[in-house]
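This report concerns only the one structure given below.
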Amino acid sequence: FIDITERYAAEAQRKEFSANVSHELKTPLTAIAALSELIADGTAKDADVRPFAGKIQKQARRLIDMIDDIIKLSEFDEENVPREFARFSLYDTAEAVIDSLAEKAEERNVSVELRGDPRLSVAANLRMTDELLYNLVDNAIKYNRDGGGVTVELSEDETSVRISVRDTGIGIPPEHLGRIFERFYRVDKSRSKKTGGTGLGLSIVKHVAELHGGHVEVESQENVGTAITCVFKKYPQPQ
């Protein structure tokens, strides 16, 4: 007897992912096609051309972001993902990510605070760690409330490095907590699409943490906030 459960589960996951990709890509493409057709055939009034162009640009940006995330996730599906570890300042990396999102935070009236030892460094993949931090802080800003706050806390012990991002946002209902790391899974689909979410960010976060020998911990309470902590195994030397 051969246990083929895992193979069937993987095939089912691939089929579901393919169906979700098709649906998610088709939605913005349909909007782009419809709006551009109105402009091309002269149906759109002159006053509508600029707003339509803005909507086309927004949907195109969403497509590009989604494709970028799909490409990143495809890297993790390879059997031997290159680690390309190097030692770098985790504090400086987090600070740079927060600076890059400062305008978005200001637009949403959300404050972002970085806590931790400025000397904290880590042996990890810099590009992937930067992506992990960006997704976590971006989500914490997007799903926050007006006047809310985000705290990024970095810490370490003898065996691990912890990256914790806590917000004062809308929170996640308990029934959704077990699925938030699934690809294209959204707790609030209408809000995610309005804020430009692809539904892939947390899946990328989970894969990055696992690549670094770690895991992700989540604490959340509706209308109170969410805290997501990524634990990296501490490597003494670059691998």
Side-chain angles (χ1 to χ4, degrees), residues 6 10 13-14 17-18 20-21 24-25 61-102 104 112 114-142 150 152-165 180-185 196-218 227-239:
E6 187 174 336
Q13 188 178 35
R14 280 195 294 271
F17 180 60
S18 297
N20 284 334
V21 167
E24 294 291 342
L25 293 178
R61 182 70 258 172
R62 182 181 164 205
L63 268 176
I64 292 169
D65 290 343
M66 197 179 303
I67 291 169
D68 283 345
D69 282 350
I70 290 170
I71 291 171
K72 290 166 190 169
L73 279 171
S74 69
E75 295 179 15
F76 296 108
D77 291 332
E78 300 294 328
E79 290 186 4
N80 296 308
V81 181
R83 288 189 171 187
E84 299 176 355
F85 281 14
R87 184 161 292 281
F88 58 89
S89 170
L90 183 59
Y91 190 93
D92 288 350
T93 303
E95 195 170 45
V97 166
I98 292 170
D99 286 345
S100 71
L101 289 165
K104 179 177 287 189
V112 183
L114 175 60
R115 296 178 182 174
D117 187 346
R119 299 168 297 177
L120 178 59
S121 65
V122 63
N125 182 298
L126 174 56
R127 177 177 61 83
M128 291 182 182
T129 304
D130 182 85
E131 183 71 25
L132 176 145
L133 280 160
Y134 187 93
N135 280 321
L136 289 178
V137 178
D138 186 46
N139 275 356
I141 293 170
K142 282 193 297 190
V150 175
V152 180
E153 187 165 1
L154 311 175
S155 60
E156 64 178 333
D157 56 30
E158 292 182 358
T159 60
S160 62
V161 174
R162 301 174 71 87
I163 302 169
S164 180
V165 179
I180 60 173
F181 295 104
E182 294 179 16
R183 299 177 184 188
F184 290 115
Y185 189 81
T198 65
L200 296 170
L202 287 181
S203 183
I204 291 173
V205 165
K206 178 175 179 285
H207 281 294
V208 171
E210 290 176 348
L211 180 71
H212 290 82
H215 62 277
V216 185
E217 302 169 357
V218 184
I228 298 181
T229 301
C230 297
V231 182
F232 282 14
K233 178 181 177 181
K234 184 180 284 187
Y235 292 96
Q237 297 293 334
Q239 304 293 306

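These figures come from a predicted structure and were not determined experimentally.
What you find for T159 and D157 is that their closest heavy atoms are N-OD1, 2.9 Å. Taking each heavy atom of V216 and K206 in turn, the nearest pair found is CG2-CA, 3.9 Å. Residue F232 comes nearest to A209 through the heavy atom pair CE1-CA, 3.8 Å, listed as atom of the first residue, atom of the second, then distance.
With sequence neighbours excluded, the residues that form a side chain to side chain contact (heavy atoms under 4.5 Å, CB included) with E156 are L120, V161, K234. Residues satisfying the salt bridge (charged side-chain N to carboxylate O under 4.0 Å, His left out) criterion with E217, sequence neighbours excluded, are R162. Every residue meeting the side chain to side chain contact (heavy atoms under 4.5 Å, CB included) condition with S89, not counting sequence neighbours, appears here in chain and number order: Y91, D92. Under the side chain to side chain donor-acceptor pair (under 3.5 Å) criterion, S121 pairs with R87, not counting sequence neighbours. With sequence neighbours excluded, no residue forms a side chain to side chain donor-acceptor pair (under 3.5 Å) with N139. For T93, the side chain to side chain contact (heavy atoms under 4.5 Å, CB included) criterion is met by F88, L126, D130, L133, not counting sequence neighbours. Contacts of E153 classified as salt bridge (charged side-chain N to carboxylate O under 4.0 Å, His left out), with partners at least two apart in sequence or in another chain: none. Remark: S164 engages T229 in a side chain to side chain donor-acceptor pair (under 3.5 Å) (not counting sequence neighbours).
In this structure, F181 and V218 have side chains that are in contact, with non-hydrogen atoms separated by less than 4.5 Å. No side-chain heavy atom of V208 sits under 4.5 Å from any side-chain heavy atom of C230. Contact of the H212 side chain with the F85 side chain is registered, since non-hydrogen atoms from C-beta on lie closer than 4.5 Å. Taking 4.5 Å as the limit, every side-chain heavy atom of L200 sits out of range of all side-chain heavy atoms of N135.
Judged as a salt bridge (Lys or Arg N to Asp or Glu O under 4.0 Å), the pairs with a partner in residues 117-126 (not counting sequence neighbours) are, in order, D117-R119.
With rounding to the nearest 0.5 angstrom, the CD1 atom of I228 is 5.0 Å from the CG atom of L202. Remark: L132 CG to I163 CD1 distance equals 5.5 Å, nearest 0.5 Å.
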Legend entry - Evaluation steps, side-chain contact (heavy atoms from CB on, under 4.5 Å), between V97 and D138: CA-CA 9 Å; V97 166; D138 186 46; over 6 Å; no

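Between E131 and R127, no side-chain nitrogen of the basic residue sits less than 4.0 Å from a carboxylate oxygen of the acidic one, so the salt-bridge criterion is not met.
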